S.K.: 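Submitted below is the structure of interest, expressed as structure tokens.
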Amino acid sequence: MQSEFLPYLFVLLPVAAFFYSSVGHGGASSYLMILALTGFAPEEIRPTALLLNMAVSFIAFMNHRRSCEFPNNLFLQLVVFSVPAAFIGGLVVVESSIYKNILGVLLLFPVLNFLGVFPKNDKSILRDKIWMPPFIGILIGFFSGLIGIGGGILLSPLLLMLGWTNIRQTAALSALFIFVNSVAGYLGTTGFNLLDNKSLWILIPPAVLGGILGSYFGALRFNVKLVKHLLTFVLAGAALKLIFF
């Protein structure tokens, strides 16, 4: 890492963690971009993003959990299948740019939905199909481990479009989903080894602090309408980053 980038990382990572945790996300897609642009090696970027994801998403879950009734059954239906899929995805070494572009394009659809371009259905869709949550868990889990994200940027809009959770439940469920899938993806990527680059460890505390503040204000201070606007902003930003960076 070039030393001249260090001050920027101390600002950019906490800011990214703040906005993502405010809507129940870990922020891995943002960390991937920031670390790549500041000179980190590819083999360092994915595990670092997943480590930051673990810390920020768990903090986000602890705060957002207090603001809603947590959908335990739905979470278990998703995570039982997503965790092994994330581990397998972490084992795969492939060129991730193609996947980032595809995911970026897909993320534009939920953004348009939140902006009111598509008609909304307030009723639950396909919730009675017992195969649907496992299918979603496997699909998102695999891509989470493969690319180095927790999967929240995919799960959140999907849950809302299907009418399975409300805004606050989505934030809480997505945060815990991100945490467990990030753990599985990290283990698949590095095993039980820690990061070799010691410079990376000093960047984790400020990012965690940003996650604490973001999840606190997102869960307890922001109103639901503002959280929805933040979620739209986060997804739009993630889509642009995945497509163009």
Side-chain angles (χ1 to χ4, degrees), residues 1-64 96-97 100 103-104 107 111 144 147-153 156 171 174-175 178-179 182-183 185-186 189-190 194-222 226-245:
M1 176 182 65
Q2 300 296 324
S3 59
E4 62 266 26
F5 291 128
L6 191 59
Y8 299 102
L9 291 173
F10 271 107
V11 174
L12 292 174
L13 291 177
V15 169
F18 178 90
F19 280 107
Y20 276 77
S21 65
S22 70
V23 291
H25 288 177
S29 62
S30 184
Y31 309 144
L32 287 169
M33 181 200 70
I34 293 170
L35 293 172
L37 293 177
T38 49
F40 283 95
E43 61 269 18
E44 295 176 317
I45 294 174
R46 185 163 64 159
T48 302
L50 288 169
L51 272 178
L52 290 170
N53 233 26
M54 289 182 222
V56 174
S57 62
F58 185 75
I59 294 167
F61 166 70
M62 294 301 292
N63 279 310
H64 285 284
S96 62
S97 60
K100 290 180 182 179
L103 290 173
L107 286 177
V111 169
S144 298
I147 298 173
I149 60 175
I153 57 175
S156 293
S174 294
I178 290 167
F179 173 75
S182 295
V183 172
Y186 182 86
T189 302
T190 66
L194 296 176
L195 295 172
D196 293 328
N197 191 336
K198 304 303 180 185
S199 299
L200 293 169
W201 290 102
I202 65 174
L203 299 173
I204 293 178
V208 171
L209 178 60
I212 292 174
L213 294 175
S215 61
Y216 172 77
F217 283 103
L220 304 178
R221 297 295 182 182
F222 296 161
L226 180 57
V227 172
K228 183 177 179 179
H229 290 326
L230 281 173
L231 185 56
T232 304
F233 171 79
V234 167
L235 293 169
L240 294 175
K241 284 179 289 186
L242 288 167
I243 294 171
F244 295 109
F245 296 94

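Heads up: numbering here begins at 1 and tracks the sequence. Reckoned from all heavy atoms, side chains included, excluding hydrogens, waters and symmetry mates. These numbers were taken from a predicted model, which means no experiment stands behind them.
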S.K.: Taking side-chain contact (heavy atoms from CB on, under 4.5 Å) as the definition, give me every residue that meets it alongside Val11, ordered by chain and number, with sequence neighbours left out.
M.R.: Val15
S.K.: Quick one: closest heavy-atom pair of Leu51 and Tyr186, and the distance?
M.R.: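 Where Leu51 meets Tyr186 most closely, the heavy atoms are CG-CE1, 3.7 Å.
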S.K.: The criterion is side-chain contact (heavy atoms from CB on, under 4.5 Å); which residues satisfy it with Val208, sequence neighbours excluded?
M.R.: Ala55, Ile59, Ile204, Ile212
S.K.: Listed by chain and number, what are the side-chain hydrogen bond (donor to acceptor under 3.5 Å, both in side chains) partners of Ser182, not counting sequence neighbours?
M.R.: Asn53
S.K.: Mind checking the CG-CG spacing from Leu12 to Leu203? Nearest 0.5 Å is all I need.
M.R.: 10.5 Å
S.K.: Do Phe10 and Ile202 pass the side chain to side chain contact (heavy atoms under 4.5 Å, CB included) test, and can you show the C-alpha distance, the side-chain angles, and the key distance before you say yes or no?
M.R.: CA-CA 9 Å; Phe10 271 107; Ile202 65 174; 4.2 Å; yes
S.K.: What distance do Leu13 atom CG and Tyr31 atom OH have between them, rounded to the nearest 0.5 Å?
M.R.: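 Atom-to-atom, Leu13:CG and Tyr31:OH are 7.0 Å apart.
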S.K.: For the residue pair Phe179 and Val56, establish whether any side-chain heavy-atom pair is separated by less than 4.5 Å.
M.R.: no
S.K.: Evaluate Phe58 against Met54 for side chain to side chain contact (heavy atoms under 4.5 Å, CB included), listing each step before the verdict.
M.R.: CA-CA 6 Å; Phe58 185 75; Met54 289 182 222; over 6 Å; no
S.K.: Of the non-hydrogen atoms in Ala17 and Gly211, which two are nearest, and what is the gap between them?
M.R.: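 Residues Ala17 and Gly211, closest heavy atoms: CB-N, 3.7 Å.
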